[in-house]
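Each remark here refers to the structure printed beneath this line.
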Protein chains: 2
Amino acid sequence: MIDAAGLRVMKAIADEGSFTSAANALGFTQPAISQMVRRLEQRTGTVLVERYGRQVRLTEAGQVLARHAVGVLAALDAAEEEITAIAGLRAGRVRLQAFPSSSATLVPRTLAILKARHPDITVTFTEAEPPESLAALRRGDCDVAVAFAYEGGDLGELEEDLSLLVTRRLMDDEVRLVVPRSHAHAGDEAATLSDFSGEEWIAGCPRCRGHLLSLADTAGFRPNVAFETEDYVAQLGLVTAGLGVALVPDLILNAAKHDEVATLPLAPASRRQILAVTTPDLLRVPAVAAALDALCEAAGADPKVSPAQLVGAKG
Amino acid sequence: MIDAAGLRVMKAIADEGSFTSAANALGFTQPAISQMVRRLEQRTGTVLVERYGRQVRLTEAGQVLARHAVGVLAALDAAEEEITAIAGLRAGRVRLQAFPSSSATLVPRTLAILKARHPDITVTFTEAEPPESLAALRRGDCDVAVAFAYEGGDLGELEEDLSLLVTRRLMDDEVRLVVPRSHAHAGDEAATLSDFSGEEWIAGCPRCRGHLLSLADTAGFRPNVAFETEDYVAQLGLVTAGLGVALVPDLILNAAKHDEVATLPLAPASRRQILAVTTPDLLRVPAVAAALDALCEAAGADPKVSPAQLVGAKG
DNA sequence: CAGATTGCATAATCATCGGTTATGATCGGG
DNA sequence: CCCGATCATAACCGATGATTATGCAATCTG
């Protein structure tokens with residue numbers, strides 16, 4: 001019944017004192033004001049302005065509208081300002097979820113970049129394994145999920161349902177075999193998995209364990225998994241103690257101290273892809289786009305820095 | 001840029017969780033919501049809803065709009081409610097100005113009627129002589145002015161400029177000659193003004209004095225005005241004390257005690273019209289219209305009661 | 001007092017907005 | 001694997017809300 005335009009007009013009349021001035025103030029012509037008032041009057045069924053001679057005055061009802069206009073228009077302006085702040089990255093929120101081993105290096109670097117570039121957007125970070133983070137993304141509880149996908153026997157097979165989602169490849173994370181320094185193969189240039197079929201194995205998270213089993217299956221053995229822990233530092237400790245060998249991604253080795261163990265590249269090499277995942281719509285949200293850019297940059301997936309350089313520099 | 005309709009839609013989506021439900025809640029069809037959202041999105045340049053599969057969720061920007069919608073829509077409702085209250089006489093204001101001698105009878109009766117009939121409208125009353133009350137009306141500081149106009153030598157001549165104003169005739173107020181009980185003509189049925197050319201006169205307000213001079217001029221003499229006071233009770237007191245004679249309207253005589261004096265109708269009779277004056281626009285304001293009706297009723301100008309009856313009953 | 005000026009109202013016109021119905025595409029469930 | 005639910009799109013259409021042109025009345029001015 002009453003809309004913002006009507007209120008704006010009433011307030012302009014109250015402020016300016018005449019239809020003509022109100023029209024000028026609003027950038028309209030005088031007849032526009034005339035009929036706007038007439039429409040308002042017949043909509044509300046009340047007299048809003050009192051015409052006396054060639055001057056107009058607001059009636060009580062008109063003053064009521066003009067008075068309310070102040071608050072309503074202010075609220076609308078505030079909403080608009082908030083929206084444009086979000087659009088202009090002067091505000092906004094990104095809810096990031098990343099799997100634990102990325103929290104050590106990738107995420108902190110991303111947050112630093114984001115903070116430096118857009119200090120006014122607030123970033124929320126939650127540690128979550130890909131199944132949960134992707135579920136949160138689907139549920140709407142998360143804007144960007146950092147996940148990983150092993151390149152299994154059949155290359156490119158992603159272990160999660162990524163339909164309806166968009167992914168951005170951040171980096172390839174090579175998986176290495178970690179053995180004690182004292183191990184017979186510790187000095188090898190590369191490790192052939194079948195050489196370690198008799199070892200005791202230390203497995204990581206469920207999906208990593210699945211990957212280990214898959215690789216071993218290809219190599220023709222079934223590994224003897226003696227320990228399971230999601231804590232990579234603990235895995236390295238167990239290897240150091242000579243209690244077994246483990247497959248550990250580069251991403252971890254770059255972040256955790258591992259002087260006491262030997263890390264061998266696999267032959268043939270095995271990698272996992274680190275992916276940033278979001279939805280097509282969120283991709284167009286400035287803050288989310290900025291977060292994705294920061295992730296790429298932190299991962300070295302930016303055109304200027306090739307993934308190889310980055311991995312090489314740290315390995 | 002953002003209007004109330006858009007906010008209403010965003011809030012409905014937030015509340016209902018889907019376009020279809022929102023459309024039902026608002027009484028629209030689903031495509032209406034679809035394109036409303038699209039318009040809003042391209043106006044603001046931001047993504048407002050996130051489509052995931054066949055469900056929609058608000059983005060942060062969308063939630064901002066939905067959040068602001070609550071306040072804005074509440075304010076609009078409040079404004080609308082105030083307007084309809086005024087239209088329905090459940091609220092509203094009338095600023096009444098009346099000349100002093102009407103304050104005694106006419107105005108109190110009017111206020112009582114108004115209060116009984118529409119207890120929720122607030123009436124402001126200011127005592128003012130017609131020139132000032134009409135000026136206030138023109139200035140917009142008053143909604144209804146109760147004025148009087150003498151029917152001078154040339155009948156129907158109104159002493160005020162009533163262009164642009166509307167008048168409603170409330171009653172005819174006959175002017176009587178007031179003389180001491182002891183006066184030689186105290187027992188006459190009617191008074192011929194020329195018989196009193198030698199008297200000392202007690203004049204009232206400037207316009208009443210003007211009327212006296214006009215009547216005397218017609219009767220062929222120039223009255224000797226010994227006293228001037230706007231206080232009618234004082235006038236009666238002066239007459240009682242034998243200090244002179246005075247022309248006093250019936251309206252006063254009906255209200256003030258005057259046992260000690262004789263009141264004679266003039267021959268030929270002289271009257272003043274009591275008028276309610278307002279502007280054409282204000283006439284359509286419910287509270288003003290109600291006030292006018294009450295005035296008419298209080299004055300007996302209502303069709304059911306003729307002015308003659310009323311005046312006769314009280315004289 | 002007449003004429004110029006000012007300010008609102010009205011008429012005719014036109015673009016856009018904001019709704020409708022009809023239909024298509026796609027996701028999720030039986 | 002098909003069906004139902006949900007959103008998107010297209011075509012259409014009336015009402016809204018602006019414009020220009022003009023009229024009329026009040027006020028100011030010489």
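Quick note on labels: first sequence line is chain A, next is B, and so on, each numbered from 1.
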*Please report the closest heavy-atom contact between A/A291 and A/T110, naming both atoms and the distance.*
O-CG2, 4.2 Å
*Partner residues of B/R67 under the salt bridge (charged side-chain N to carboxylate O under 4.0 Å, His left out) criterion, sequence neighbours left out*: A/E82
*Side-chain donor or acceptor of A/R57 paired with backbone N/O of A/E50 under 3.5 Å*: no
*Can any side-chain N or O of A/R207 pair as donor or acceptor with the backbone N or O of A/E129 at less than 3.5 Å?*
no
*Would you say a side-chain N or O of B/R43 is under 4.0 Å from OP1 or OP2 of C/dG18?*
yes
*side chain to side chain donor-acceptor pair (under 3.5 Å) between B/T46 and B/T44, intermediate numbers included*: CA-CA 5 Å; B/T46 60; B/T44 61; 2.9 Å; yes
*Should the pair A/Y150 and A/H211 be assigned to parallel (<30°), tilted (30 to 60°) or perpendicular (>60°) ring geometry?*
parallel
*Grab the CG-P distance between B/L48 and D/dC7 for me, whole Å please.*
16 Å
*Counting side-chain heavy atoms from CB outward, which of D/dC7, C/dG18, C/dC27 is closest to B/D3?*
C/dG18
*asked:* I need the CG-C1' distance between A/L40 and C/dC8, as an integer number of Å.
replied: 17 Å
*Rounding to a whole Å, what distance do you find between A/R8:CZ and D/dA18:P?*
11 Å
*Residue mapping more 5' on DNA chain C - nearest nucleotide basis, A/G53 or B/Q55*: A/G53
_Output the rounded distance in Å from CD (B/E50) to C1' (C/dC27)._
16 Å
*asked:* Tell me the interatomic distance from A/L7, atom CG, to D/dG17, atom P, rounded to whole angstroms.
replied: 13 Å
*Of all of residues 23-38 of chain A, which get a heavy atom below 4.0 angstrom from DNA chain C, listed by number?*
A/Q30, A/P31, A/S34, A/R38
*Could you give the CD1-to-C1' distance, from B/I13 to D/dA8, as a whole number of Å?*
14 Å
*B/R39 side chain near C/dG18 phosphate (N/O to OP1/OP2, under 4.0 Å)*: yes
_Nucleotide of C/dC8, C/dA9, D/dA26 approaching A/R51 most closely (side-chain heavy atoms)_ = C/dA9
*Specify the residue among A/Y52 and B/S18 whose closest nucleotide of DNA chain D lies further upstream toward the 5′ end.*
B/S18
*Got a donor-acceptor pair under 3.5 Å from the side chain of A/R54 to the base of C/dT6?*
yes
*Does the side chain of A/L106 reach to within under 4.5 Å of the side chain of A/V146, using non-hydrogen atoms?*
yes
*Take the protein atom CD1 of A/I2 and the nucleotide atom C1' of D/dT16, then report the distance between them rounded to whole Å.*
17 Å
*Please give, in whole Å, the distance from D/dT6 P to A/D281 CG?*
19 Å
